[in-house]
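Encoded as structure tokens, the structure appears first; notes follow it.
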Amino acid sequence: MKIGALKETFSGENRVSMTPASALQLQKLGHECFVEAGAGNAARFSDQDYEKAGVTVVKSAADLMKTADFITKVRPPEDAEVKKLRKDQTLISFFYPAANEDLMKSAATTGSTVIAMDMVPRISRAQKMDALSSMANIAGYRAVIEAGNNFGRFFTGQVTAAGKVPPAKVLVIGAGVAGLAAIGAAQSLGAIVRAFDVRPEVAEQIESMGAEFLFLDFEEDASGEGGYAAPSSPEFREKQLECFRGQAPDVDIVITTALIPNRDAPKLWLKDMVEAMKPGSVVVDLAAERGGNCDLTEPDQKIETANGVTIIGYTDFPSRMAAQASELYATNIRHMMADLTPEKDGVVVHDMEDDVIRGATIAHAGEVTFPPPPPKIQAIAKAPPKAPEKTPEEKRAEEEAAAKKALDRTAWLLAVGGALCLLVGLAAPASFMQHFIVFVLAVFVGFYVIWGVAHALHTPLMAITNAISSIIIVGALLQIGSSTTVVVVLAAASILMASVNIFGGFLVTRRMLAMFERS
């Protein structure tokens with residue numbers, strides 16, 4: 001198949017849907033690659049770079065539309081571009097079908113196939129094609145860079161000859177892909193980072209990155225479909241706003257990322273919160289394209305309020321890192337083409353039974369195929385309902401029952417073990433029984449010592465205590481010169497196994513210690 005990348009016509013869009021690196025991978029799938037002249041210039045990919053990668057550079061968009069079987073773009077196509085599609089062509093781009101219903105119907109009437117990269121289902125197998133997450137990751141990182149550029153002070157705390165510089169305090173609202181990327185970037189720059197999300201399950205992720213999760217004293221699970229947050233109740237919202245009002249005078253930078261697909265952005269950072277912020281503070285609103293999370297956000301604008309707070313409402317954060325964004329987006333498309341080309345022979349198989357392909361296809365064979373059916377595999381499993389809290393009396397009764405059961409089991413084991421020792425003692429000599437009793441007691445004590453150790457500590461504990469095997473080697477060496485063949489064989493086997501145990505134990509210990517060493 002012939003795959004062609006169009007030059008973006010949207011004002012200020014610097015990304016491109018095919019890079020020289022992705023073109024090389026597409027060619028390995030058996031496809032021919034074409035690109036419109038100048039399509040990659042804004043992302044720092046020259047026509048010469050494409051030609052070196054074996055890509056044919058086509059002079060105009062019209063020529064490319066006539067040549068290619070697959071057309072790739074970043075932004076949704078314009079109506080004129082859709083009308084030029086042929087019956088046997090496939091378009092791959094962001095499309096946002098719920099917001100562009102007329103455009104989708106127009107594409108369906110041409111008989112062409114349209115794959116919307118924003119409709120890739122959020123299931124594990126499709127993560128490599130999740131272009132929304134790729135762009136959100138870049139947006140979160142870029143938001144911190146934009147905030148730092150406008151903040152005018154250090155992120156990290158410093159002690160200088162001129163005095164101490166306190167670290168910046170950053171609040172990230174929403175801990176999806178963009179929010180986590182912002183947390184990571186701000187944390188790496190040395191800021192004190194706090195974060196909030198309505199989904200309680202992300203608290204662990206936030207804290208694992210070194211940020212503080214802001215908890216609310218309110219019971220409500222706002223986890224929604226596909227990993228997005230669901231709309232909150234009015235009572236929960238009031239608790240949120242109360243929390244944010246308490247943070248406003250203290251934080252220096254606020255990055256808002258709360259956005260639910262096909263909905264207006266919820267208003268979370270209100271005018272009175274902006275007025276409570278210190279002069280020089282910065283608000284970066286990543287939801288500006290849907291109205292913004294901040295009351296004062298103006299899409300595609302950077303404004304400064306009367307009290308000196310800068311509010312950034314840019315809607316093109318990924319485009320501001322065009323080279324990186326293009327690489328990631330082109331890789332997402334390349335993975336989509338890999339699924340469409342199962343035999344890697346350049347022959348496309350558009351399998352509408354495949355969850356990923358079906359979910360992303362919004363027009364096919366002259367029909368609108370949006371919305372897709374839910375995937376057979378749930379995108380993100382909901383957490384099981386929490387068991388009701390047990391009373392102290394119930395907990396005590398359970399503990400007593402468990403202790404009684406363990407005591408009964410121990411009594412039976414002691415009875416059986418004692419009977420076996422008695423049987424052995426009836427036939428064995430006294431000298432053997434002295435050593436045997438010491439052996440049994442050692443096993444008994446060792447068992448209970450090891451049994452009481454937490455599972456997480458078993459590996460390092462075993463690795464160190466394996467050194468005790470050296471005692472076995474000493475004993476075996478004393479017996480190796482015995483005149484009895486059986487004793488010699490057993491002694492040799494003991495030396496071999498104990499040696500393996502010792503070397504293996506110290507090797508495991510060394511590897512575990514290496515995990516905690518700084519590179």
Side-chain angles (χ1 to χ4, degrees), residues 12-15 74-75 94 96 99 118 122 130-151 168 170-187 189 191 193-199 202 205-206 209 211 214 224 226-229 240 244 247-248 251-270 273-274 277 281-303 309-322 324-325 328-329:
E13 181 55 71
N14 299 321
R15 292 171 290 176
V74 179
R75 292 274 183 169
F94 283 118
Y96 309 108
D118 50 286
R122 289 195 158 181
D130 190 352
L132 284 177
S133 291
S134 297
M135 298 303 105
N137 182 25
I138 292 174
Y141 176 86
R142 182 69 188 196
V144 175
I145 302 303
E146 292 288 345
N149 185 47
N150 288 275
F151 181 48
V170 178
L171 172 62
V172 179
I173 300 176
V177 177
L180 292 174
I183 291 168
Q187 187 74 21
L189 290 173
V193 185
R194 302 164 186 167
F196 175 83
D197 197 286
V198 296
R199 298 163 297 168
V202 303
Q205 298 176 47
I206 291 169
M209 297 180 73
L214 301 179
Y228 293 104
Q240 283 184 87
F244 296 157
Q247 293 292 321
V251 295
D252 302 299
I253 295 169
V254 177
I255 298 173
T256 66
T257 70
L259 195 59
I260 302 171
N262 305 317
R263 294 176 182 268
D264 290 336
K267 297 296 182 185
L268 301 175
W269 203 254
L270 307 185
M273 300 174 193
V274 176
M277 296 178 76
S281 300
V282 180
V283 177
V284 183
D285 195 338
L286 292 182
E289 61 182 324
R290 299 293 296 179
N293 296 135
C294 177
D295 269 346
L296 304 180
T297 297
E298 294 184 16
D300 295 311
Q301 300 294 323
K302 179 178 76 173
I303 64 170
V309 176
T310 301
I311 301 176
I312 300 172
Y314 300 149
T315 59
D316 60 347
F317 286 102
S319 184
R320 289 169 181 262
M321 298 182 69
Q324 183 70 77
L328 292 179
Y329 181 67

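Computed from a predicted model, the values in this text were never measured in an experiment.
No side-chain heavy atom of L259 sits less than 4.5 Å from a side-chain heavy atom of L286. The shortest distance between side-chain heavy atoms of R122 and D130 falls below 4.5 Å. For the pair V254 and M277, the minimum side-chain heavy-atom distance is below 4.5 Å.
The aromatic rings of F317 and Y314 sit tilted, their planes meeting at an angle between 30° and 60°. Ring geometry for F94 against Y329 counts as parallel: the plane angle stays under 30°, on a 0 to 90° scale with 60° as the upper cut.
S134 is linked by a side-chain hydrogen bond (donor to acceptor under 3.5 Å, both in side chains) to N332, counting only residues two or more places apart in sequence or in another chain. Under the side-chain hydrogen bond (donor to acceptor under 3.5 Å, both in side chains) criterion, Q247 pairs with R194, not counting sequence neighbours.
In this structure, the separation between CE on M321 and OH on Y141 is 5.5 Å, given to the nearest 0.5 Å. Remark: Y96 OH to R75 CZ distance equals 7.0 Å, nearest 0.5 Å. Distance CG/N150 to CD1/I311: 12.0 Å, rounded to 0.5 Å. Taking CG of D118 as the reference point, atom CE of M135 lies at 12.0 Å (rounded to 0.5 Å). Rounded to the nearest 0.5 Å, atoms CG (L171) and CE (M273) are 10.5 Å apart. Distance CD1/I173 to CG/L268: 6.0 Å, rounded to 0.5 Å.
Considering all non-hydrogen atoms of both residues, V251 and S281 come closest at O-OG, 3.9 Å. Pairing each heavy atom of I183 with each of A195, the nearest pair is CD1-CB, 3.7 Å. Closest heavy-atom contact between E13 and S319: OE2-OG, 3.4 Å. Closest approach of T257 to A175, counting heavy atoms only: OG1-N, 4.4 Å. The two residues I138 and A325 make their nearest non-hydrogen contact at CD1-CA, 3.2 Å. Minimum interatomic distance between D285 and C294 (heavy atoms only, all atoms of both residues): OD2-N, 3.0 Å.
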Working note: D295 + V274, criterion side chain to side chain contact (heavy atoms under 4.5 Å, CB included); need CA distance, chi angles, decisive distance, verdict. CA-CA 9 Å; D295 269 346; V274 176; over 6 Å; no
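Between the side chain of T315 and the backbone N or O of E289, no donor-acceptor pair lies under 3.5 Å. Judged by distance alone, the side chain of R142 and the main-chain N or O of P318 form no donor-acceptor pair under 3.5 Å. Between the side chain of N293 and the backbone N or O of K267, no donor-acceptor pair lies under 3.5 Å.
Using a cut-off of 4.0 Å between Lys/Arg side-chain N and Asp/Glu carboxylate O, E146 and K302 are scored as not salt-bridged.
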